[in-house]
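What follows is a short report on a single structure.
Side-chain atoms are counted along with the backbone in the values below, which use heavy atoms only and exclude waters and symmetry mates. Along the sequence shown, residues carry numbers from 1.
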Amino acid sequence: MKKILIAAMSVFLTLCCAVVASAQDVSQADRDRTLAYLESTKKGVVEATKGLSDAQWNFKASPDRWSIAQVMEHLAAAEDMLRGMDENQVMKSPAIAPRDPAMVAKIDEGLAAQLPDRSHKLSAPEPLKPTNRFGSPEGAEKHFVESRATTEQFLKFTPDLRIHAVDGPTGVKLDGYEWILLIAGHTERHTKQMLEVKADPNYPKS
């Protein structure tokens with residue numbers, strides 16, 4: 001009888017753990033929504049850079065501003081770095097206790113609202129500053145598109161994105177899913193930067 005009770009308790013605890021993990025994991029609706037966000041921000045980059053001449057790629061509004069080519073390189077490098085951090089640091093960190101759903105929603109919404117906001121200027125970390133590492137802006141764009149496909153696969157098939165978290169760039173703990181939101185929002189932010197360059201009155205017409 002004692003063995004039966006122990007076995008029953010073991011099954012019960014296993015089921016409880018599974019329910020808790022499921023409750024913390026990303027819903028399919030959120031996964032689909034962020035996948036669409038990744039796709040739309042990728043398309044925004046491709047559309048913003050479509051058919052650019054060398055002069056248009058490399059135009060700088062001022063010596064201290066980035067060209068579209070430099071922004072493109074930064075995006076390609078950042079895609080690799082941020083996803084790599086998510087895969088190799090966030091998802092390998094210890095599991096966290098369940099968080100308040102309202103707090104999680106607030107962080108998600110804050111990322112979506114604040115990251116694309118270019119009224120707050122930020123400086124790129126040294127490893128993500130342009131160095132022509134991809135050989136050409138076209139090479140950077142190709143790398144970005146390929147890396148984005150890897151990011152999308154990571155979002156689609158990685159379980160437990162909500163139960164691992166580390167400090168994000170602002171010091172707030174971000175879980176594995178929120179790091180993917182950060183990637184998409186970062187892309188939207190810099191697509192706006194590309195469009196600002198194109199809107200400059202001195203931007204080459206061809």
Side-chain angles (χ1 to χ4, degrees), residues 34 37-38 40-49 52 54-91 93 106-148 150-151 154-155 165-204:
T34 300
Y37 190 21
L38 289 169
S40 67
T41 51
K42 178 192 74 177
K43 289 177 182 176
V45 171
V46 172
E47 185 61 32
T49 58
L52 297 187
D54 286 345
Q56 290 169 328
W57 273 116
N58 294 297
F59 169 79
K60 298 174 75 169
S62 65
D64 62 333
R65 305 294 293 276
W66 283 2
S67 65
I68 295 175
Q70 289 175 312
V71 176
M72 186 71 258
E73 181 186 350
H74 171 74
L75 281 174
E79 187 85 14
D80 290 346
M81 177 179 282
L82 293 172
R83 189 188 62 253
M85 289 177 66
D86 202 354
E87 289 178 306
N88 299 313
Q89 295 182 33
V90 183
M91 297 306 295
S93 66
K106 185 176 180 180
I107 294 172
D108 290 0
E109 291 164 5
L111 287 170
Q114 294 169 18
L115 277 167
D117 182 3
R118 284 191 46 77
S119 64
H120 304 288
K121 300 302 181 184
L122 302 170
S123 296
E126 199 63 36
L128 293 181
K129 289 181 178 178
T131 60
N132 195 31
R133 72 199 76 189
F134 301 108
S136 68
E138 292 86 358
E141 182 172 0
K142 180 176 183 292
H143 186 93
F144 166 75
V145 170
E146 292 171 349
S147 189
R148 176 54 56 90
T150 303
T151 302
F154 178 68
L155 171 61
V166 301
D167 288 344
T170 61
V172 176
K173 279 198 180 297
L174 302 180
D175 62 35
Y177 172 74
E178 288 158 348
W179 278 89
I180 299 173
L181 284 177
L182 188 152
I183 291 171
H186 177 260
T187 305
E188 183 179 356
R189 177 184 183 86
H190 285 291
T191 303
K192 289 182 177 181
Q193 184 179 4
M194 290 178 173
L195 297 177
E196 289 168 10
V197 176
K198 295 175 81 171
D200 187 279
N202 296 314
Y203 181 73

Within-4.5 Å side-chain heavy-atom neighbours: Arg148 and Thr187
yes

Looking at side-chain heavy atoms only, is the closest gap between Thr191 and Glu47 below 4.5 Å?
no

Note: Lys192-Glu196 ion pair, threshold 4.0 Å (strictly below):
no

Atom CD1 of Ile107 and atom CG of Leu182: how far apart are they, to the nearest 0.5 Å?
12.0 Å

Can you tell me if Trp179 uses its side chain to pair, donor with acceptor, with the backbone of Leu174 under 3.5 Å?
yes

Please indicate whether Arg118 has more than 12 foreign heavy atoms, meaning atoms of other residues, nucleotides or ligands, lying under 6.0 Å from its CZ.
yes

In Å, rounded to the nearest 0.5 Å, how long is the span from CZ of Phe154 to CD1 of Ile183?
8.0 Å

Side chains of Leu122 and Pro169: closer than 4.5 Å at any heavy-atom pair?
no

Cationic N near anionic O, under 4.0 Å, Glu109 to Lys106:
no

Between atom CD of Glu138 and atom CE of Met72, what is the distance when rounded to the nearest 0.5 Å?
10.5 Å

Are Asn202 and Phe59 side-chain neighbours, meaning at least one heavy-atom pair lies under 4.5 Å?
yes

If I compare all heavy atoms of Ile68 with all of Gln56, which pair ends up nearest, and what's the gap?
CD1-O, 4.1 Å

Please check this pair: side chain of Glu73 against backbone of Ala140, looking for a donor-acceptor N/O pair closer than 3.5 Å.
no

I'd like to check Leu75 versus Met194 (side-chain heavy atoms, cut-off strictly below 4.5 Å). Are they in contact?
yes

Decide whether Glu146 and His143 meet the rule of one side-chain donor and one side-chain acceptor closer than 3.5 Å.
no

Do Glu188 side-chain atoms and Thr41 backbone N/O form a donor-acceptor pair below 3.5 Å?
no

What pair of heavy atoms forms the shortest contact from Ala76 to Phe134, and how long is it?
CB-CE1, 3.5 Å

Taking Val45's backbone N and O only, do any of them form a donor-acceptor pair with Thr49's side chain (distance below 3.5 Å, no angle check)?
yes

Ignoring hydrogens, what is the shortest heavy-atom contact between Phe144 and Glu79? Give both atom names and the distance.
CE1-OE1, 3.6 Å

Smallest separation among heavy atoms of Ala124 and Lys129, with atom names:
O-CE, 3.3 Å

Quick one about Arg83 and Ser147 (side-chain donor to acceptor, distance below 3.5 Å, no hydrogens or angles considered), yes or no?
yes

Just wondering, do Trp57 and Glu141 contact through their side chains at under 4.5 Å, heavy atoms?
yes

Under 3.5 Å, side chain of His74 to main-chain N/O of Pro130, donor-acceptor pair present?
no

Which heavy atom of Asp117 sits nearest to which heavy atom of Arg189, and what is that distance?
O-NH1, 2.7 Å

Would you name the heavy atoms of Leu195 and Ala48 that are closest together and state the gap between them?
CD2-CB, 4.1 Å

Interatomic spacing from OG1 in Thr34 to CG in Leu181 - rounded to 0.5 Å
4.5 Å

Once rounded to the nearest 0.5 Å, what's the spacing between atom CG of Leu128 and atom CZ of Arg133?
6.5 Å

Got a second to check how far Gln89's CD is from Asp86's CG, nearest 0.5 Å?
9.5 Å

